[in-house]
2 protein chains.
Amino acid sequence: MSSHVKKSMSNNSKTPKKITSPLGSKDKRIPTMTDVAKLAGVSQMTVSRVMRKSGYLSDDIVSRVHDASEQLGYVHNRLAGGLAGADSSLIGVVLPNLQNRVFSEVLSGIVGAASDNGVQPVFGVSDYSQTTESTLALDLLAWRPQGLILSGIEHSKKLRETLASSNIRIAEIMDTDGPPIDTCFGFSHRLAGKEMAIHLLEKGYRKFAYVGSQHALDLRAKKRYKSFSKTIQAEGAQLVTQRITEHPSSTLVGRECTESILNGDDKPEVIYYANDDLAAGGLMHCLAKQITVPEQVALAGFNGLTFLEALPQRITTTRTPRFEIGTAAARFVTGQTTRDSKSKKQVFDVSIIAGETS
Amino acid sequence: MSSHVKKSMSNNSKTPKKITSPLGSKDKRIPTMTDVAKLAGVSQMTVSRVMRKSGYLSDDIVSRVHDASEQLGYVHNRLAGGLAGADSSLIGVVLPNLQNRVFSEVLSGIVGAASDNGVQPVFGVSDYSQTTESTLALDLLAWRPQGLILSGIEHSKKLRETLASSNIRIAEIMDTDGPPIDTCFGFSHRLAGKEMAIHLLEKGYRKFAYVGSQHALDLRAKKRYKSFSKTIQAEGAQLVTQRITEHPSSTLVGRECTESILNGDDKPEVIYYANDDLAAGGLMHCLAKQITVPEQVALAGFNGLTFLEALPQRITTTRTPRFEIGTAAARFVTGQTTRDSKSKKQVFDVSIIAGETS
DNA sequence: TGTTACTATGTTTGCGCAAACATACTATGG
DNA sequence: CCATAGTATGTTTGCGCAAACATAGTAACA
């Protein structure tokens, strides 16, 4: 009839709350602003002001409070502060993945911009699952963050609705192909796919192959793929073969898919990879098998990751501003930049890097 | 005479708090547990129990509360919960860097283990600065986290002292060469450097070179370097040359340093790199310049990053369990595992991967 | 049938802080 | 010399929740 859940144990304090010596002994009470205030001979409110550097403060008071605080080992309690005040100085961040360099660079940008503003990110990883993303994002809301950063513009209905009516700033990043909840920061993957198609068509290639991974999950790669193949077909060229695995992308997967394609019957003139990791794997395969690039087969990746610079040949790819997108999104949700009244989309430039593999 | 700081503006509520309709309209009051309780016809405390799945609850009540909560768009306020209760269900994480794959893998492990436990990580990046680390970690304490995860065992004196007397769990990760504040999870870099030295000595190499980066900051790389060079010297071999840049490590830097060494006078038989990125750069240089590896020069890296698997030659390296360390540390600070009364060090195995480059 | 143990709820209270609103003091100018 | 603006502090109050402590109903058993 009823759910049973473990009862929480009662605590074991022997004496009902007793103010003990400030430091050193165990079982000590954690000092509060009031303790600091008493020691410094000021009011609790003054301590609060000193901690937050807000309002008018004489130098004398400031140093007295700092001394007292130091002496007691006082640590500001932001939970209480957030409850009493309005702001929590937290932002929520949900990314699909961290293994992928792209997202750790984005996160780098976010963390950098946030900490410039004294704001800390609380963090979740969705593993490309909309359900997980939704759960995480909703959980993060419980911390009353100033804002939330999500990846992509596809989210569960419930999440979209909750966030839309939440009053906090929402930044959706890495994609602008669709309507954002609040403001999105990124670029058009459709355009990026199309541009690479045009670039390769202009080079004279007509027989294409595609290598991708996690297509069911990585909707942005899928968008590039679709507009890429549409564009080449519109020009009378064709996708002779493709390999799309459900594994997470990696150099190794790229290498294996490339080998499979080049051992197959439908030999392409050029392979378009969903990202640079896969493309680098392709190049490694060609190097190992003495296949000359781009003469025997040309290669193109996506993202412009810096490790490409060290490869024996520069891979043709699309440069994307990942760090900058992270920075802009964090600035936005922390209120360092204002909401653009005209546009809900902040579109960043992407550009083809014409490398030596095409 | 005195510090002036901008006064905060007063708010602009026209009517003194008025309960408006639950959803849809702007300027609405954010619903609280009491609102949910009224709608569900129960007490606030019962709502609290439902939210936290704690205590005894009848199925009827649970669904009524859920319905009411849904209807109002209620979002649990963890700030208040953390203040009233004991636990904050947050952990603090400070890492030196995110660009480095090593730390994003560690973070992956942390995030995974933490979210298994319903705990969210709050996050900071120290950029390898002890001062920044200290500031960040102390700031994170303001959120009353269950625990804190830091990198390495070298920290500012103040941070060590504060944390030691803080009662919360502290995990120091990636290094066990020294006394931890609480418990450390990692491996001995001294041993790792020594083992690679022995491995290479056994292969017969006698003339060594070293390539490193950010030596002043990356104390763990420095430890490997020191014990590596000590070990080879003890065997009568020598470090004929080295390149240590202050740049962050990257494949490109590795490539450049390798070129510089191989163009120099003191030609080594083998180059030991501070990490795999640098080593991969070295291999790239050799590939590009048709230098045969390991005949003309042997190479060894550190970490065992997965992207090595796709390179034309498997690089000799030391495999380190980064993800596992992150997982173990997160489990520890979230209380999923207990503090080991015997040992303050959880030492993980590292193992030499004998590749094709040595 | 009463006693006990369990199950399921409610009531009171205070966590630590910052907003809002005083208050008091100091310079400045007419 | 007083009004005024600016500067520097203090007092009261309540944010939203969960611990602690009731209380009341129900089942189990002698």
Side-chain angles (χ1 to χ4, degrees), chain A residues 1-13 16-17 29-38 40-62 64-65 72 74-89 142-144, chain B residues 1-13 16-17 29-38 40-62 64-65 72 74-89 142-144:
Chain A
M1 289 305 120
S2 55
S3 329
H4 328 261
V5 185
K6 261 173 293 171
K7 256 187 166 161
S8 58
M9 302 298 291
S10 61
N11 80 348
N12 55 355
S13 59
K17 105 181 35 160
R29 238 188 76 262
I30 293 172
T32 69
M33 277 193 180
T34 309
D35 300 326
V36 176
K38 270 184 202 139
V42 298
S43 72
Q44 174 262 314
M45 195 61 223
T46 299
V47 177
S48 171
R49 283 195 264 260
V50 172
M51 293 297 157
R52 290 174 298 129
K53 304 190 207 312
S54 126
Y56 295 108
L57 294 164
S58 67
D59 293 347
D60 173 49
I61 290 266
V62 170
R64 264 160 59 202
V65 168
L72 294 175
Y74 172 73
V75 178
H76 191 137
N77 186 335
R78 296 240 213 182
L79 298 175
L83 183 60
D87 84 304
S88 76
S89 70
W143 295 107
R144 298 289 184 261
Chain B
M1 289 305 122
S2 56
S3 328
H4 330 260
V5 186
K6 261 173 295 171
K7 260 186 163 162
S8 60
M9 303 298 290
S10 62
N11 83 347
N12 54 356
S13 60
K17 98 183 37 160
R29 238 187 80 260
I30 292 172
T32 69
M33 277 190 179
T34 309
D35 299 327
V36 176
K38 271 185 201 137
V42 297
S43 72
Q44 174 264 313
M45 195 60 220
T46 298
V47 178
S48 171
R49 282 196 264 260
V50 173
M51 293 295 155
R52 290 174 298 128
K53 306 191 206 310
S54 127
Y56 296 107
L57 294 164
S58 66
D59 292 347
D60 172 48
I61 289 265
V62 169
R64 263 160 62 203
V65 168
L72 293 174
Y74 173 73
V75 177
H76 191 140
N77 187 337
R78 297 241 212 177
L79 297 175
L83 182 60
D87 86 305
S88 75
S89 71
W143 294 106
R144 298 290 184 261

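Fair warning: this is a prediction, and the values are worked out from it, not measured in the lab. We name chains A, B, ... by the order of the sequence lines, and we start the count at 1 in each one.
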Side chain of [X], heavy atoms from C-beta onward: which of [options] has the nearest atom to it?
X	options	answer
A:Thr32	C:dC17, D:dG16, D:dG10	C:dC17
A:Arg52	C:dA18, D:dT9, D:dG16	C:dA18
A:Leu83	C:dG16, D:dC17, D:dA18	C:dG16
A:Ser58	D:dT11, D:dT9, D:dG16	D:dT9

Exercise for the section: Kindly write out the residues that satisfy salt bridge (charged side-chain N to carboxylate O under 4.0 Å, His left out) with A:Arg49, not counting sequence neighbours, or none if the list is empty. Expected result: none
Distance in angstrom units between [X] [atom1] and [N] [atom2], rounded:
X	N	atom1	atom2	answer
A:Asp60	D:dT9	CG	P	8 Å
A:Arg64	D:dT9	CZ	P	8 Å
B:Lys53	C:dT9	NZ	C1'	18 Å
B:Met45	D:dA24	CE	P	19 Å
A:Leu57	D:dT7	CG	P	13 Å
A:His76	C:dC17	NE2	P	6 Å
B:Lys38	D:dG16	NZ	C1'	13 Å
A:Asp35	C:dC15	CG	P	11 Å

Exercise for the section: Output yes when at least one side-chain N/O atom of B:Thr46 is less than 4.0 Å from OP1 or OP2 of C:dG10, else no. Expected result: yes
Problem - Audit row: A:Thr32, A:Asn77, side-chain contact (heavy atoms from CB on, under 4.5 Å) steps and yes/no - result: CA-CA 8 Å; A:Thr32 69; A:Asn77 186 335; over 6 Å; no
Fill in the blank from the handout: Hits for side chain to side chain donor-acceptor pair (under 3.5 Å) against B:Thr34, two or more places apart or cross-chain, chain-then-number order -> none
Exercise for the section: Please figure out whether B:Ser43 or B:Ala84 has its closest DNA chain C nucleotide nearer the 5' end. Expected result: B:Ser43
Fill in the blank from the handout: Residue pair A:Tyr74/B:Val42 against DNA chain C: nearer the 5' end by closest nucleotide is B:Val42
Problem - Sidechain-backbone polar pair: A:Arg64 side chain, A:Asp60 backbone, donor-acceptor under 3.5 Å - result: no
Exercise for the section: Assess whether one donor atom and one acceptor atom, taken from the side chain of A:Arg49 and the base of D:dG10, lie less than 3.5 Å apart. Expected result: yes
Practice task
Walk me through it: do B:Met51 and B:Val65 pass the test side-chain contact (heavy atoms from CB on, under 4.5 Å)?
Solution key: CA-CA 9 Å; B:Met51 293 295 155; B:Val65 168; 4.3 Å; yes
Completion exercise
Of A:Gln44 and A:Ile61, the one whose nearest nucleotide on DNA chain D sits closer to the 5' end is A:Ile61
Completion exercise
Sorted by position of nearest nucleotide on DNA chain D, 5' first, the leading residue of A:Ala80 and B:Ser48 is A:Ala80
